[in-house]
There are 2 protein chains.
Amino acid sequence: MNKNITMRDIALKMGVSSVTVSKALNDKDGVSDELKEKIKLAAWEMGYRINSVAKSMREGLTYNVGVIIPERFTDTTQTFYLRLYQEIAVALQQHNYYGILHILSRQDEAQLNLPRIYHEQKVDGFIMLGQVSKEYIEIIEQIEQPKMFLDFYDEHSDIDAIITDNFYGAYELTNSLIRQGHRDIAYVGNLYSTSSIQDRFLGYYKSLLEHRLELKPQWIVSDRDEQGTFLELELPDPMPSAFVCNCDQVAHLLLQKLQAKGYSVPADCSVVGFDNDIYATLSEPHLTTVEVDIHQMAFTAVQSMIKKIRSPETRFGRVLVQGKIIYRNSVQSLL
Amino acid sequence: MNKNITMRDIALKMGVSSVTVSKALNDKDGVSDELKEKIKLAAWEMGYRINSVAKSMREGLTYNVGVIIPERFTDTTQTFYLRLYQEIAVALQQHNYYGILHILSRQDEAQLNLPRIYHEQKVDGFIMLGQVSKEYIEIIEQIEQPKMFLDFYDEHSDIDAIITDNFYGAYELTNSLIRQGHRDIAYVGNLYSTSSIQDRFLGYYKSLLEHRLELKPQWIVSDRDEQGTFLELELPDPMPSAFVCNCDQVAHLLLQKLQAKGYSVPADCSVVGFDNDIYATLSEPHLTTVEVDIHQMAFTAVQSMIKKIRSPETRFGRVLVQGKIIYRNSVQSLL
DNA sequence: CTGAAAGCGCTTACAG
DNA sequence: CTGAAAGCGCTTACAG
């Protein structure tokens, strides 16, 4: 059987010490180039694979990053975080790091239990992907290792956060509606549910303010309860000429509601979304929306995390990743 | 600073040896119950966290399982494998194991490079999630650690595989169409692309055979090239009364094609899919389909993998996980 | 019931 | 340019 080859085995075979083997394989100084090449060749021939556990033990680094996603955000219809996780995994790979995904169960979240990867020192840092409760944030703050929030932030916490630029995304999107003649514009989303829904709302509101348009209370349509469970949408009366939805999935639901009630989109009513996820192109008409740059978010997060692991004092604060408006066919020009 | 607490620190504080601390914290024999409790309390008070790297080094186990997904299967529209990965991560968690996701780039797949988690001995076993080329399978066979295929198998390889019961799923689904009076039934899928498309086809064919229905060549409609890239679907002429699609995504595409050409589904033509993924309920009408039991597949895979890690000689062969037909509105009874 | 010793496979700091 | 020694933090096997 191919018993695992160690540096010692190579050293024995080559008649050198394992120190020399280590130096040669790691391209460190102190070994002649000639010997280095010989050792590398022997290692390759013997099928040597480095034991990362021994390396980790010695260096005090696991080369793993924990990514925590609350179970609440992982049902069948929500794939955004999984795709973000995938990009994170790829980005980590490129830095010789590895991701360990931890799905935070509802129970552990409620009972404020940290994941086992924390208790077992399995990782060098934590990326919290998806908003958790204030109480859970306080628990995370006590972790003395590098940590960051991804796709949300907490105003009271100074933990680094990478977020999509929700505010300007919604602001620009609303501006574009106004440029096309819309004046009665509603917002769909529960303002008390997550910071991103809130920030998108504020971007929408800023656009209204700048154009001196009134924000009518009945034009804020709730879409979910504070736990994130979707509610039946209630159409405002009178109807606006356009809806800014906090996400594509809700825009998709709204579209179905509107069509069921006999409204034609965009002829009778325009709808825009946010995220450019699968719902944007599955909706009929396809949605004008803001594309979150998942790739960029993942890469920024990983890069920052690795910097923090290397120098734990590094602080980034709140990093905004710009989105991009994708124009499709769910908006009617009123001009 | 909270310098990491080790067993040694606890031992020093309690005036015992670190052996005793280890035994106490692991609930091993050889320490009085009284002392055990005292040590556990002290560990808790001191904020002790076990160093899993040291444990791993000592035991020769990483407690990680590598899950390899070819990049080809991870574009925006395909979330099946990511959801399966998520279930795997949860199942592993329950066994005190962790998953490391490796996205196998097209390049590494073509160049037959094994992932770095192999070369660094980062994991105790490998789950290959999604079909790879014959050549790559041969490379995987050379891995001397536990390994298994998930959601595909290779006839020439005796590597354990967990697959959904594609054959009987498609067989039952086709039977149900025939029971509803359909006689002219087409199949949509490239028979040379993956084993699951092939097996679903054969289940469909078995149903035809049993009912003495002819399999007309023009009723096999290709949906993708052998690399998996979707092709424009070509409707057969004459048209069948029903289509059995190899997956929901293709059923969704077919639906759009049919509707664009003026066919009404299911009035003019019935369509069934496979997978019960997001496309099944995003299609209009919602698709009658076979639900792949993702949860069960992941749990079976993880359980088998852990058995194999504990006793490397364990063989499972090909494990079939039963699917379940979900009846919706995309089929018209002709009776 | 308790502990001293050994060892897992590396790498760093130091000596030659 | 090369190597002996030490140590990362555990756990097992053995001795008392």
Side-chain angles (χ1 to χ4, degrees), chain A residues 2-40 42-43 46-64 96 116 119-124 145, chain B residues 2-40 42-43 46-64 96 116 118-124 145 310:
Chain A
N2 186 2
K3 183 74 197 67
N4 272 338
I5 308 294
T6 68
M7 288 191 179
R8 184 130 215 295
D9 298 324
I10 302 174
L12 249 41
K13 167 135 172 190
M14 300 295 289
V16 298
S17 78
S18 57
V19 175
T20 301
V21 174
S22 171
K23 284 176 183 161
L25 295 182
N26 289 300
D27 265 326
K28 295 255 161 94
D29 282 345
V31 190
S32 66
D33 286 349
E34 196 191 353
L35 182 53
K36 239 182 215 179
E37 288 313 313
K38 273 197 207 155
I39 289 175
K40 284 184 186 173
M46 297 169 76
Y48 173 74
R49 296 183 290 149
I50 190 173
N51 183 321
S52 66
V53 172
K55 184 182 157 87
S56 286
M57 161 96 111
R58 175 65 225 230
E59 298 184 354
L61 285 173
T62 64
Y63 294 99
N64 297 146
N96 288 356
R116 193 161 39 217
H119 289 108
E120 296 183 354
Q121 305 195 62
K122 271 296 259 194
V123 298
D124 299 336
Q145 288 170 282
Chain B
N2 186 4
K3 182 77 197 65
N4 272 340
I5 307 295
T6 67
M7 287 191 179
R8 181 131 215 297
D9 297 325
I10 301 174
L12 250 41
K13 167 134 173 191
M14 301 293 292
V16 297
S17 78
S18 57
V19 175
T20 300
V21 173
S22 171
K23 285 175 183 163
L25 295 183
N26 289 300
D27 265 327
K28 294 254 163 96
D29 281 346
V31 189
S32 66
D33 287 350
E34 196 192 354
L35 182 53
K36 240 183 216 179
E37 288 313 312
K38 272 197 206 153
I39 289 175
K40 285 185 186 173
M46 295 168 78
Y48 173 74
R49 295 184 292 147
I50 190 172
N51 183 322
S52 66
V53 171
K55 183 184 160 85
S56 285
M57 161 95 112
R58 174 65 225 227
E59 298 184 354
L61 286 172
T62 64
Y63 294 99
N64 296 146
N96 288 354
R116 193 158 40 217
Y118 170 75
H119 290 107
E120 295 183 354
Q121 304 195 62
K122 272 296 258 195
V123 298
D124 300 334
Q145 289 171 282
R310 303 234 161 98

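Remember, it's a predicted structure, so these values are computed and weren't measured experimentally.
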Protein proximity profile, nucleotides 2-8 of chain D - base contact B, sugar-phosphate-only contact S, no contact -, cut-off 4.0 Å on heavy atoms: BBBBBBB
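Of the options A:Ile39, A:Leu25, A:Asp9, a side chain to side chain contact (heavy atoms under 4.5 Å, CB included) to A:Tyr48 is made by A:Leu25 and by none of the others.
When rounded to the nearest whole Å, the span between OH of A:Tyr63 and C1' of C:dC10 equals 12 Å. Here the C1' atom of nucleotide D:dG9 and the CG atom of B:Leu61 are 17 Å apart, to the nearest Å. Rounded to a whole Å, the NZ atom of A:Lys28 is 15 Å from the C1' atom of C:dC14. One can place CG of B:Asp33 at 11 Å from C1' of C:dC1, the figure rounded to the nearest angstrom. Rounding to whole angstrom units, CD1 of residue A:Ile39 and P of D:dC1 are separated by 13 Å. Regarding A:Lys122, its NZ atom lies at a distance of 17 Å from the P atom of D:dG9, rounded to whole Å. Remark: C1' of D:dG9 and CD of A:Glu120 are 15 Å apart, rounded to the nearest angstrom. Note: CD1 (B:Ile5) to C1' (D:dG9) measures 13 Å, nearest angstrom.
Listed pair A:Tyr48 / C:dC10 meets the phosphate criterion, a side-chain N or O lying under 4.0 Å from OP1 or OP2.
The 12-atom threshold is not exceeded at NZ of B:Lys38, counting heavy atoms of other residues, nucleotides or ligands nearer than 6.0 Å.
DNA chain D contains the following stems of three or more consecutive Watson-Crick or G-U pairs, with both distances under 3.5 Å: C:1-3 with D:14-16, C:5-12 with D:5-12, C:14-16 with D:1-3.
Remark: the B:Gln121 side chain and the A:Asn4 side chain contain an N/O donor-acceptor pair separated by less than 3.5 Å.
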Can you give me every donor-acceptor pair (side chain of residues 13-20 of chain A, partner residue at least two apart or in another chain, under 3.5 Å) with its distance?
unit_1	atom_1	unit_2	atom_2	d
A:Ser17	OG	A:Val19	N	3.3
A:Ser17	OG	A:Thr20	N	3.3
A:Ser17	OG	A:Thr20	OG1	3.4

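Here the shortest heavy-atom pairing between B:Asp29 and B:Lys23 reads O-CD, 3.7 Å. A:Ile5 and A:Gly47 get closest at one heavy-atom pair: CG1-O, 4.4 Å.
Distance alone, capped at 3.5 Å, places no donor-acceptor pair between the B:Gln145 side chain and the B:Tyr118 backbone. B:Lys55 contributes no side-chain N or O that, together with a main-chain N or O of B:Leu61, makes up a donor-acceptor pair within less than 3.5 Å.
Side-chain contact between A:Thr6 and A:Asn51 is absent, with no heavy-atom pair separated by less than 4.5 Å.
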